[in-house]
Amino acid sequence: MKVYIGSKERMPLRLIIEKVPKEIAAEKRRKLKQLSANKKKFISKKRLELCDVNIYITNTTIQQIDTKNIRTFYSLRWQIEILFKAWKSVYKIDKIKTMKIERYECINYGTLILIALTTQLLGYYKNQIYKKYKKEISEIKFFLLIKSKIEIIKNGLNSNINKLILLFHYLKKAALKTCIKQTKHKQLSSFQILLEGT
C-alpha cells in the first residue's frame, strides 16, 4: 500500500507486509525473548504479534522492484550492514581515545587501509572458495582470521613472490577451515543471489 512519512514534507513510500511461516515466526519470538531477557526489557504483546510478518518500506516504484522481490533485495542490502559490523567489531573504527590529531590520522588511515585490504581479500576468497567448493565465507569470521594472522601477512607482503603465493594458499586453507558460513536449507544466500543472478 502507499503510505507517507514526514511531519513537514510528506514523502510517498510503498509499504509491503509479508506473512512468514509459523516456524520462522516462532524463531523470531524466541530470539526476541532471549534478547529481552539478556537486556531485562519488557516485550509488548503487539511486538510479539509482529513476529508473524516481515514489514518493508521503500521509495522504489513497483516497476523498479516488483513486490515479490522486495525480500531478496533487502537481503542484499543487509550485506552492507554485515560489512559495517565487521569493521566496527573487529577493527574498532568507532572507538577513539583522546590523542593528538596527527596520531589519530595515522591510526585512522592505517586502519582504513587494513579494512580495504581485508575486504579485497574477502571478495577474492569468497569467489574462489564458492566456485570450487560451493561453500560461502562468513564476513565476520574472515575479518577475525585476517586480524589474527596480521603478523604473518605483514611478513608475507615484505617477502618475494614465491612466499607471497604461499601466503595466499595458506590464507585460503585457513579460511576453509575456520570461516565457512552456516547455510540455511532451501534458502539462497545473498552471495548466491549476486553470483548466480537468481
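Look at Glu139 and Lys126 and you find a salt bridge, because one of the NZ, NE, NH1 or NH2 atoms lies within 4.0 Å of a carboxylate O, short of that distance. Contact check on Lys154 versus Glu151 returns a salt bridge, with a Lys/Arg side-chain nitrogen under 4.0 Å from an Asp/Glu carboxylate oxygen.
Taking the six-membered ring where the residue is Trp, Tyr125 and Phe142 present tilted rings, their angle falling between 30° and 60°.
With contacts defined as side-chain heavy-atom distances shorter than 4.5 Å, the pair Lys141/Ile137 does not qualify. Contact of the Leu32 side chain with the Cys51 side chain is registered, since non-hydrogen atoms from C-beta on lie closer than 4.5 Å. Between Leu15 and Ile55 there is a side-chain heavy-atom pair separated by less than 4.5 Å. With contacts defined as side-chain heavy-atom distances shorter than 4.5 Å, the pair Thr58/Gln64 does not qualify. Between Arg14 and Tyr56 there is no side-chain heavy-atom pair separated by less than 4.5 Å. Taking the side chain as every heavy atom from C-beta outward, Thr119 and Trp87 approach each other to under 4.5 Å. Taking 4.5 Å as the limit, every side-chain heavy atom of Leu167 sits out of range of all side-chain heavy atoms of Asn155. At least one side-chain heavy atom of Ile153 sits under 4.5 Å from a side-chain heavy atom of Leu157.
Remark: Asp66 CG to Thr72 OG1 distance equals 10.5 Å, nearest 0.5 Å.
A single hydrophobic cluster is seen to contain both Tyr133 and Leu171, as judged by linkage of ILVMFWY side chains at heavy-atom distances under 4.5 Å, directly or through other members.
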Practice problem: Could you go through the side chain to side chain donor-acceptor pair (under 3.5 Å) check for Lys97 and Tyr104 one step at a time? | Solution: CA-CA 9 Å; Lys97 295 178 181 177; Tyr104 165 74; over 6 Å; no
